[in-house]
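Single-structure report; data block below.
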Amino acid sequence: MKNESIPEPSEAAAPAKHFIRQIIEDDLRAGKNGGRVVTRFPPEPNGYLHIGHAKAICIDFGMALEHGGECHLRMDDTNPTKEEVEYIESIQEDVRWLGFDWGKHFYFASDYFGRMFDCCAELIRKGKAYVCGLTQDEWSKTYRGAPPAAGQPSPYRDRPAEESLRLFEEMRAGKHADGALCVRAKIDMASPNLHLRDPVLYRILHAGHPHTGNTWCVYPTYDFAHPLEDAFEGITHSLCTLEFEVHRPLYDWVIDNLDNLPSRPRQYEFARLNLTYTVMSKRRLLELVNEGRVRGWDDPRMPTIGGLRRRGYTPEAIRAFVEAVGVTKFESLSDVALLEHCVRDDLNKRAARRLAVLNPRRVVIENASEIPAEVDAVNNPEDKSAGTRKVPFSSELFVEADDFMENPPPKYFRLTPGGSVRIRYAGFLTCLRVEGDAVVCRWSPPEAALKVKGTIHWVSAKHAVPAEVRLYDRLFSVEDPMAKAAAEGKDYHEFLNPDSLKTATGFVEPGLAAANPLERFQFERLGYFCVDPDSKAGRLVFNRAVTLKDTWAKVAAKA
RNA sequence: UGCCCGAUGGUGUAAUGGUAGCACAACUGACUCUGGAUCAGUUUGUCUAGGUUCAAAUCCUAGUCGGGCAGCCA
């Protein structure tokens, strides 16, 4: 049935074979890991997820999904002094919203504390780890050393295994204060890679843990815990960001020096996502919230998943963006315009069209007796199945103030004195005169087929419903606020965009009064908008996700 | 400073020794009851210097620039 001369459409749509896809597919071809692909997304529950995490989520879950594997969601909670339960819920919500499913594979690193303790004891028994009594200060100032110079061995390095084992048990039993002792791997004090100079495997932390409570007062470090978590869960491809590259030899050391681990995971690193006109670090985002620069973690200007969701961005758009950005080891700065393109591209196909006027100008129709009571409007020209709706019409309209000019510049295609325009779905208006704040017009039916160059949107003044419309723009006015601040010795706050939020009180067509929170629409000729959760019956609130492309704005800006 | 990693148009990426391609952005034009969408087109690129090779973005060496590491953070 297939016509061989027509190329497979899937070929053109095939996603880029980035290096991680390449590795996974090579492994599969070579029959590694029994043909299984198991990945994991391991957030530390110490903050809200942002679009940078979305990239990692799409890669972690995406690679598994694409190759018939599974992806585990794992809370990497090895440091009770930094983590909070509050975030565990929101992380799950965000991953789910992005469209990914971990099935039954929801784990906590802390669930493995018992096994990890045993692994550490095994290393001690083998003479590959020891309990060290040096203070942090002594270690970093006099023993660790700084490359190219080698470090000096800890005086405790050759402590007999039995003694270390006994002390390790005492650490667990709570007999020692925070920092008094720690367990170190015995690797190489002369290594040019500092992570191999007897790194800490276990430390004492007398702190309540959000998940294990007071069961433990010794906790494994990331470097010891992570390879174990991966091995315990049978992870095949442990994908993380570039800053862990130098940790990989230690990751491998842990796995290679332990017997009876159930699997042999491999770590691969890719570049994290950076976006223009925003900041991405948890610390900076927290500052913006705490300083009241934004209204909260889910403020629609924030690059958090919660913020993007509230702004009206779709999971599909975010996933398309991540795919478009690609996966490499190059630390790049991606243009937020590409994200916005993905949002428009998705919403154009799916969002129902509605009429709304943000900055009203009153129009009075003189031949009121000739006008219809309502008109038919197409819900989505990109999707016939969306159907049509009735929109009430009357002799008094609101149009956008920008759509009328008494002294128009050249190439202005909208309403002008003596001129005519089409009004969307409802025939034509010809401007007769201006009377006070009102533009007086004569109405003509669609059949009149007046020759006009423009179409403007409108709402019937007596039927329209008032709405608060929040117009968002970029949070910062420069592409790379952190880099610019560093280069110019300034504070990044100086580059905050003072106009990142403008509020308009507009009017929307009456059907919109019944819209649900987070429902998305295109307001014709204006952009894509989303019902804010603040919205209530009688007090509608919309967020602008993104404007429509506006070529007139460019022409006007040049003139 | 030592080690590790990286460098392709304005931005993000592809090309796996054999015609430097795609997307976004920008700019033209066509079309249009959204100055939207769509369609057609244009501009712009292999960090530098050597080497290997019939042939180098790709391999080698050196340099330049950028990023990372030097927590008992992750």
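Basis for what follows: all heavy atoms, side chains included, without hydrogens, waters or symmetry-related copies. Computed from a prediction, not measured in an experiment: that's the story for all the values here.
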Describe the nucleic acid contact of A:F244 in one word from base, sugar-phosphate, nothing, applying a heavy-atom distance below 4.0 Å.
-> base
Classify the ring geometry between A:F529 and A:F523 as parallel (under 30°), tilted (30 to 60°) or perpendicular (over 60°).
-> parallel
Paired to B:U19 by Watson-Crick or G-U wobble criteria (both distances under 3.5 Å) is none
Side-chain N,O (A:R422) to OP1/OP2 (B:U32) below 4.0 Å | no
For atom CZ of A:F330 and atom C1' of B:G9, their distance in whole Å = 13 Å
Return the nucleotide paired to B:U42: Watson-Crick means purine N1 to pyrimidine N3 with N6-O4 or O6-N4, wobble means G-U with N1-O2 and O6-N3, both under 3.5 Å.
-> B:A26
Given RNA chain B, 5'-ward residue of the pair A:L181 and A:E243, judged by closest heavy atom = A:E243
Roughly how many Å is it from OH in A:Y251 to C1' in B:C4, rounded to a whole number?
-> 19 Å
In Watson-Crick or G-U wobble terms, with both distances under 3.5 Å, the base opposite B:U64 is B:A7
Note, A:L239 side chain near A:R40 side chain (heavy atom, < 4.5 Å) | yes
May I ask you to say what A:V246 touches in the nucleic acid, namely base, sugar-phosphate or nothing, with a heavy-atom cut-off under 4.0 Å?
-> base
Which residue, A:C132 or A:P192, contacts RNA chain B at a nucleotide closer to its 5' end, judged by nearest heavy atom?
-> A:P192
Is A:Q522 side chain donor-acceptor paired with the B:U34 base, going by distance under 3.5 Å alone?
-> yes
Interatomic distance, A:I423 CD1 vs B:C33 P [rounded to whole Å] | 16 Å
For B:U34, does either OP1 or OP2 sit under 4.0 Å from a side-chain N or O belonging to A:H457?
-> no
Establish, with yes or no, whether the OP1 or OP2 oxygen of B:G35 is under 4.0 angstrom from a side-chain nitrogen or oxygen of A:R525.
-> yes
Watson-Crick or G-U wobble partner for B:A70, using a 3.5 Å limit on both distances?
-> B:U1
Expected label for B:G68 (glycosidic angle, syn inside 90° of 0, else anti) would be anti
Base partner of B:U34, which must satisfy Watson-Crick or wobble distances under 3.5 Å = none
Applying the side chain to side chain contact (heavy atoms under 4.5 Å, CB included) test to A:H457, which of A:E509, A:R354, A:R525 qualifies?
-> A:R525
A:R184 to A:W139, cation-pi by 6.0 Å centre distance and 45° axis angle | yes
Does any N or O donor sit under 3.5 Å from an N or O acceptor when you compare the side chain of A:E323 with the base of B:G12?
-> no
B:A37 phosphate, OP1 or OP2: any side-chain N/O from A:R353 under 4.0 angstrom?
-> no
Checking A:R172 against A:F117: charged group under 6.0 Å from the ring centre and within 45 degrees of the axis?
-> yes
Between B:G35 and A:K554, is there an OP1 or OP2 to side-chain N/O distance shorter than 4.0 Å?
-> no
Base, sugar-phosphate, or nothing: which does A:P147 touch, judged by heavy atoms less than 4.0 Å apart?
-> base
With both distances under 3.5 Å as the test, what is the Watson-Crick or G-U wobble partner of B:A57?
-> none
Examine distances only and state if a side-chain atom of A:D230 and a backbone atom of A:P265 form a donor-acceptor pair shorter than 3.5 Å.
-> no
